[in-house]
Amino acid sequence: MPAANAAGISANKERYGCKMERKNCWKQYSDKRLNKMEEYTKEYMHFLNHSKTERECADTVVNLVEKEGFTDLAALVRDKKKLKVGDKVYATWMNKAVILCRIGEKPMEEGMNIVASHIDSPRLDIKPNPLYENTGVAYLDTHYYGGIKKYQWVTLPLAIHGVVVKKDGITEEICIGEDKDDPVVFISDLLPHLSQEQQEKKASELFGGEALDIVFGNRPMVKKGDEKEEKEAVKAQILRLLEEMYDMKEEDFLSAELEVVPAGKAREAGLDRSMIMAYGQDDKVCAYAAIHALLHAKKLARTSVVMLTDKEEIGSYGATGMTSHFYENALAEIMNLTGEYSSLKFRRAMAASNLLSADVSSVFDPMFADSFEQKNVAYLGGGLVFNKVTGSRGKSGANDANAEYLGALRGLLDEREVTYQYAEYGRIDLGGSGTISHILAEYAMNVVDCGTAVMNMHAPYEVTSKVDVYETMRGYRAFLEDFDLCRN
Ligand code: MN
Ligand code: MN
């Protein structure tokens, strides 16, 4: 073989470019972009503080979009109104699921650009018969929701959010533990001095699901005059308070949805304030990015949709989960109001759509380096994360995104100077993850998982990098404004 000549090498270099570089948003941002990022992340933290549960989040979103000129789909349908290019519309379902839509210039039949995320987060739910007293301590029994490491939830200040719906239909909204003067609740742990046996257990056995009961009080009701002494006086006192404060009886727990979440607000993290530490960033970080992108997107060629779904953490089932027909029904109603509906046109619209399944990704954690494959993992500060596959082991349960779709997305994001990284969740045989991506992929549309990298995912307090939070929104906005790939 002849020796390579200098001209040949430089021609090859030009052809193949230099080696791929991992970008870091902090190094790339201009002062102007840094300022905008700080402004955006402040708004995001405010959003988190008012959206700890799916119900609160749906409420916050409706208030926000109504101010921005979105109208309620149900009212439009009832009043037989029409929708035209530029119109903005929203629909909600059971106070927990939301869909937002801006009508684009092209017919819906040519496809929509959709960003779909979820607004439920792992937590502890109060059981239907929760209240009991044991040796002078009143407890609320819980049943955890979503994938949690149970030992992380003990000895923390916790808050209770939710609703109690009484037989007459009157709903009491409950929020205990968030106001600075509110009491908090908690789950106890054994003192280290007596933990020799406990500490020999495996972490997965330290706390069973039944061990996560909330300490709710320990002050007995004191009898007055000739009142009879209550057998469970602490529970009796709690019931008296519930009646006084919320006009509720013990049986009203039967028709309640009360969620126990970490108490307190989102905080900046790190001396350099580079990160955000907060409950429920999976997946409100992507939800807020999608909402903000849709609200601020310029004129849209394609009809743009944001779906905010419930029940993702437990498999997307139920009337408000991604598998519910609510989302499809709402889009069919919207298409109908634009005057172009037929069953066939609707199928074409869905198949010609592009979806960003907007959910968080894992991030490399140097403290657990062995759990990741370092070439194929997201890094804090590396920008918007794409997961071509999720699933587990041999990609089981994955939506495997199409290369043609990914190529077109890379082209757009480079043009719009959005920083992104391609990653897998972690070392192949360690576990895995699922999202809503495969559900909408059933309509035959383009789908890819794409969101923000999160450290401590599913822990009571999750951590994100501020630049990644901002870059997620910039990516979604570029997608809604400019992405146009229709295979049909
Ligand atoms: Mn998620
Ligand atoms: Mn999750």
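In this text, all values refer to a predicted model and were calculated from it rather than measured experimentally. Counting convention: from 1, in listed order, for ligands and their atoms alike.
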What protein N/O/S atoms are found closer than 2.8 Å to the Mn ion (ligand 1)?
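N, O, S partners closer than 2.8 Å: H118 NE2, D282 OD1, D359 OD1, D359 OD2.
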From K284 atom NZ to Y44 atom OH, the distance as rounded to the nearest 0.5 Å:
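It is 9.0 Å, given to the nearest 0.5 Å.
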Tell me every residue that passes side-chain hydrogen bond (donor to acceptor under 3.5 Å, both in side chains) with Y29, counting only those two or more places apart in sequence or in another chain.
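Scan of Y29 (side-chain hydrogen bond (donor to acceptor under 3.5 Å, both in side chains), adjacent residues dropped) gives E471.
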Under the side-chain hydrogen bond (donor to acceptor under 3.5 Å, both in side chains) test, residues paired with Y425 that sit two or more places apart
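Listed in chain order: nothing, the list is empty.
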Which word best sums up how the rings of F386 and Y420 line up, parallel for under 30°, tilted for 30 to 60°, or perpendicular for over 60°?
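Perpendicular.
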N/O donor to acceptor pairs below 3.5 angstrom from side-chain atoms of residues 204-215, sequence neighbours left out:
| residue | atom | partner | partner atom | Å |
| --- | --- | --- | --- | --- |
| E210 | OE1 | K127 | NZ | 3.0 |
| E210 | OE2 | K127 | NZ | 3.1 |
| D213 | OD2 | Y132 | OH | 2.6 |

Heavy atoms, side chains only, cut-off 4.5 Å: are L430 and F372 in contact?
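Sidechains of F372 and L430: no contact.
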